[in-house]
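Remarks on the structure that follows.
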Amino acid sequence: MNVLITGGIGYIGSHTCVQLIKSGHTPVIIDNLCNSKASVLQRIEQLTGHKPTFYNGDVRDAALLDKIFAEHRIDSVIHFAALKAVGESVNKPLEYYDNNIHGSLTLVDAMRRAGVKNFIFSSSATVYGDQPITPYVETMETRRPSSPYGNSKLIIEQCLEDIQKAQPDMSVALLRYFNPVGAHSSGLMGEDPQGIPNNLMPFIAQVAVGRRECLSIFGNDYPTPDGTCVRDYIHVVDVADGHVAALNKVTNHPGTYVYNLGAGFGYSVLDVVNAFSKACGKPVPYQFAPRRGGDLASYWADSTKAANELGWQVKLNLDDMCADTWRWQSMNPQGYPDE
Ligand code: NAD
Ligand code: WQD
């Protein structure tokens, strides 16, 4: 299948391109490089022997999308392109709603013009909002997330459901990721945040490699076994494989499908720090700091539905996530090269 991958140069998109190529698919990428570097393409080629066609552009550019759909017989679209920094979105809601919602709608409209009917969307566990019930299961009601970022994901999910109802020959998969971490086992691809990392695993990795002095653990008085927050960390290659499985399931099976992509169990911040210390062979310095606004104490996925319907389940564990992150970070201490 020819698959248009928006945001395919980014963290999850690049790993998904590799897994798609290995499964016999042909990705075509559009990415505006606002949070990634084009040198990722060489790494995809190194790993697969195939360099995807790449359009350096914005998903809000309808004319460019028309050109891409005219130049390639695209069967399906996987839509990763978005802004994703939760804290930044609170200060820049307009940018987030414009990029994420306007971007998604422009893309779906171009698909309609081109007659492309299969769409897979990068959603997030954030759409469950603040609910004291775990694990989160797809049958639960969604709740308005506290950040504009999270809200943009919920709004897009709702728009897509309405659009699919009005265009009943469309297939839409809403994939709700929990906490994707880790890197390709080769050490050639991984997460390369620009500036100070917002997320736990890349911050730990940068401390371990000497780019930062000490990890601040946000809160140690949560109602969890060790007082630090509990999350469902999932290896990025398992997330990528979830997309391949979803593509096989939904393509040409009209409807809207919702799947959690999580490992199905939770680890605390201290569990992750300890596992990473084991992986890199040295202690990761940390200090306890006040809670971070907006953090929930504990949640993880019920991933039964994806297992039953997609035949997908995670293959990699927390030790793999840490070992692969460390291999990537130690082989590429400054991330991807500029060119
Ligand atoms: P990322 O920032 O590494 O990748 C996103 C890519 O999209 C980047 O390469 C960026 O340059 C590109 N992009 C952004 N806006 C664009 C636009 N308007 N036009 C074209 N390209 C654009 O992020 P990621 O971690 O790979 O996340 C991918 C998707 O998964 C996002 O939609 C994100 O919201 C979602 N998601 C991520 C996580 C996570 O923890 N990483 C969790 C849940 C959901
Ligand atoms: C994990 C835990 C922090 C950094 C975010 C988004 C979510 C989804 C996945 C996109 C928390 C703690 C972190 C640090 C720390 N993304 N932490 N020190 O917040 O669970 O989820 O990414 O959709 O929507 O909110 O992930 O990695 O930021 O935090 O103690 O320097 O690590 O408090 O408990 P989070 P995270």
Side-chain angles (χ1 to χ4, degrees), residues 5-16 29-38 40 55-61 64-65 78-87 89 95-96 98-104 106-107 121-128 145-147 149-153 156 175-181 190-194 196-204 206-207 212 214-220 222 224 228-234 236 239-240 243 261-262 266-273 286-300:
I5 313 284
T6 77
I9 304 293
Y11 173 47
I12 305 173
S14 57
H15 288 81
T16 302
I29 297 175
I30 175 173
D31 195 305
N32 67 3
L33 303 180
C34 70
N35 197 36
S36 52
K37 292 187 182 150
V40 168
Y55 293 85
N56 182 349
D58 197 294
V59 288
R60 290 164 293 184
D61 181 345
L64 175 60
L65 293 176
I78 307 183
H79 181 37
F80 294 102
L83 300 177
K84 65 161 184 176
V86 175
S89 77
E95 282 86 339
Y96 273 69
D98 183 58
N99 197 83
N100 296 2
I101 299 175
H102 176 192
S104 299
T106 307
L107 178 61
F121 175 60
S122 292
S123 190
S124 165
T126 189
V127 301
Y128 291 108
S146 58
S147 72
Y149 164 75
N151 201 31
S152 76
K153 292 289 173 188
I156 299 162
L175 302 185
R176 297 175 176 164
Y177 316 155
F178 281 67
N179 286 57
V181 297
E191 189 168 8
D192 182 19
Q194 313 296 301
I196 301 171
N198 297 305
N199 300 113
L200 179 64
M201 189 67 95
F203 203 105
I204 293 177
Q206 291 195 7
V207 171
R212 305 194 183 271
C214 180
L215 170 74
S216 291
I217 295 182
F218 301 137
N220 62 345
Y222 284 97
T224 60
T228 66
C229 293
V230 169
R231 293 288 181 275
D232 184 328
Y233 296 94
I234 173 170
V236 66
V239 175
H243 290 75
L261 293 186
Y267 288 107
S268 73
V269 176
L270 280 173
D271 289 334
V272 179
V273 171
Y286 66 83
Q287 63 193 9
F288 291 116
R291 291 181 176 197
R292 184 174 69 175
D295 275 342
L296 306 182
S298 179
Y299 62 87
W300 61 92

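Whatever order the structure lists ligands and atoms in, that order sets their numbers, starting from 1. Along the sequence shown, residues are numbered consecutively beginning with 1.
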Atom indices of ligand 2 within 4.0 angstrom of [X] heavy atoms, with elements:
{"X": "V86", "value": "6 (C), 25 (O)"}
{"X": "Y233", "value": "1 (C), 2 (C)"}
{"X": "T126", "value": "24 (O)"}
{"X": "S124", "value": "10 (C), 23 (O), 24 (O)"}
{"X": "C229", "value": "34 (O)"}
{"X": "N198", "value": "4 (C), 28 (O)"}
{"X": "L200", "value": "4 (C), 13 (C), 15 (C), 17 (N), 27 (O), 32 (O), 36 (P)"}

What atoms of ligand 1 come closer than 4.0 angstrom to any heavy atom of [X]?
{"X": "Y149", "value": "33 (C), 34 (O), 35 (C), 36 (N), 44 (C)"}
{"X": "L33", "value": "11 (O)"}
{"X": "G57", "value": "19 (N), 20 (C)"}
{"X": "S122", "value": "29 (C), 30 (O), 32 (O), 35 (C)"}

Hey, is [X] one of the residues with a heavy atom under 4.0 angstrom from ligand 1?
{"X": "G8", "answer": "no"}
{"X": "P180", "answer": "yes"}
{"X": "E191", "answer": "no"}
{"X": "T6", "answer": "no"}
{"X": "S123", "answer": "yes"}
{"X": "N179", "answer": "no"}

Between K84 and E95, does any NZ, NE, NH1 or NH2 come within less than 4.0 Å of an OD or OE carboxylate oxygen? no
Within a strict 4.5 Å, meaning less than it, do heavy atoms of the R292 and C229 side chains meet? no
Hey, does E191 have a side-chain heavy atom less than 4.5 Å from the side chain of I12? no
Between [X] and [Y], is any side-chain donor less than 3.5 angstrom from a side-chain acceptor?
{"X": "S104", "Y": "H79", "result": "yes"}
{"X": "N179", "Y": "D232", "result": "no"}
{"X": "S122", "Y": "Y177", "result": "yes"}

[atom] - nearest protein heavy atom and its distance:
{"atom": "atom 2 (O) of ligand 1", "result": "N35 ND2, 2.7 Å"}
{"atom": "atom 17 (N) of ligand 2", "result": "F218 CD1, 3.7 Å"}
{"atom": "atom 26 (O) of ligand 1", "result": "I12 N, 2.8 Å"}
{"atom": "atom 9 (C) of ligand 2", "result": "F178 O, 3.9 Å"}
{"atom": "atom 4 (O) of ligand 1", "result": "G10 CA, 3.5 Å"}
{"atom": "atom 19 (N) of ligand 1", "result": "V59 N, 3.0 Å"}
{"atom": "atom 20 (O) of ligand 2", "result": "R231 NE, 2.6 Å"}
{"atom": "atom 5 (C) of ligand 1", "result": "A82 O, 4.0 Å"}
{"atom": "atom 13 (N) of ligand 1", "result": "N32 OD1, 3.4 Å"}
{"atom": "atom 24 (P) of ligand 1", "result": "K84 NZ, 3.8 Å"}

Shortest heavy-atom approach to atom 31 (C) of ligand 1 - which of Y177, Y11, F80, Y233: F80
Selection from D31, L175, I9, N199 by shortest heavy-atom distance to atom 9 (O) of ligand 1: D31
Do any nitrogen or oxygen atoms of [X] lie less than 3.5 angstrom from nitrogen or oxygen atoms of ligand 2?
{"X": "M201", "result": "no"}
{"X": "N179", "result": "yes"}
{"X": "V269", "result": "no"}
{"X": "N199", "result": "yes"}

Taking both backbone and side-chain atoms of [X], is any N or O found less than 3.5 Å from an N or O belonging to ligand 1?
{"X": "A81", "result": "no"}
{"X": "C34", "result": "yes"}
{"X": "H79", "result": "no"}
{"X": "G7", "result": "no"}
{"X": "S124", "result": "no"}

Go through the structure and list residues passing salt bridge (charged side-chain N to carboxylate O under 4.0 Å, His left out) with D271, not counting sequence neighbours. none
How does [X] reach ligand 2, by side chain, by backbone, by both or by neither, if only non-hydrogen atoms under 4.0 Å count?
{"X": "D295", "value": "side chain"}
{"X": "Y149", "value": "side chain"}
{"X": "S216", "value": "backbone"}
{"X": "T228", "value": "neither"}

Given the rule in the side-chain contact (heavy atoms from CB on, under 4.5 Å) test, do I30 and V59 qualify, once you have shown the distances and angles that lead to the verdict? CA-CA 7 Å; I30 175 173; V59 288; 4.3 Å; yes
Proximity to ligand 1 by part of A125, non-hydrogen separation under 4.0 Å: neither
Quick one: look at N99 and ligand 1, take heavy-atom pairs under 4.0 Å, and tell me if it's side chain, backbone, both or neither. side chain
Hey, does the Lys NZ or Arg CZ of R231 hover above the aromatic six-ring of F178, less than 6.0 Å from the centre and inside 45° of the axis? no
Taking the six-membered ring of Y128 as reference, does the cationic atom of R176 (NZ for Lys, CZ for Arg) lie under 6.0 Å from its centre and within 45° of its axis? yes
Evaluate the side-chain contact (heavy atoms from CB on, under 4.5 Å) criterion for residues Q287 and L215: first the C-alpha distance (whole Å), next the side-chain angles of each, then the deciding distance (0.1 Å), finally the verdict. CA-CA 6 Å; Q287 63 193 9; L215 170 74; over 6 Å; no
Pair V236, Y11 - check side-chain contact (heavy atoms from CB on, under 4.5 Å), show working. CA-CA 8 Å; V236 66; Y11 173 47; 3.5 Å; yes
Under 3.5 Å, is there a donor-acceptor pair between the side chain of Q194 and the main chain of D192? yes
Audit row: I78, T6, side-chain contact (heavy atoms from CB on, under 4.5 Å) steps and yes/no: CA-CA 6 Å; I78 307 183; T6 77; over 6 Å; no
Is R292 close enough to touch ligand 2? Criterion: a residue heavy atom under 4.0 Å from a ligand atom. yes
Taking the six-membered ring for Trp and the single ring otherwise, decide whether the centroids of H102 and Y96 are under 6.0 Å apart. no
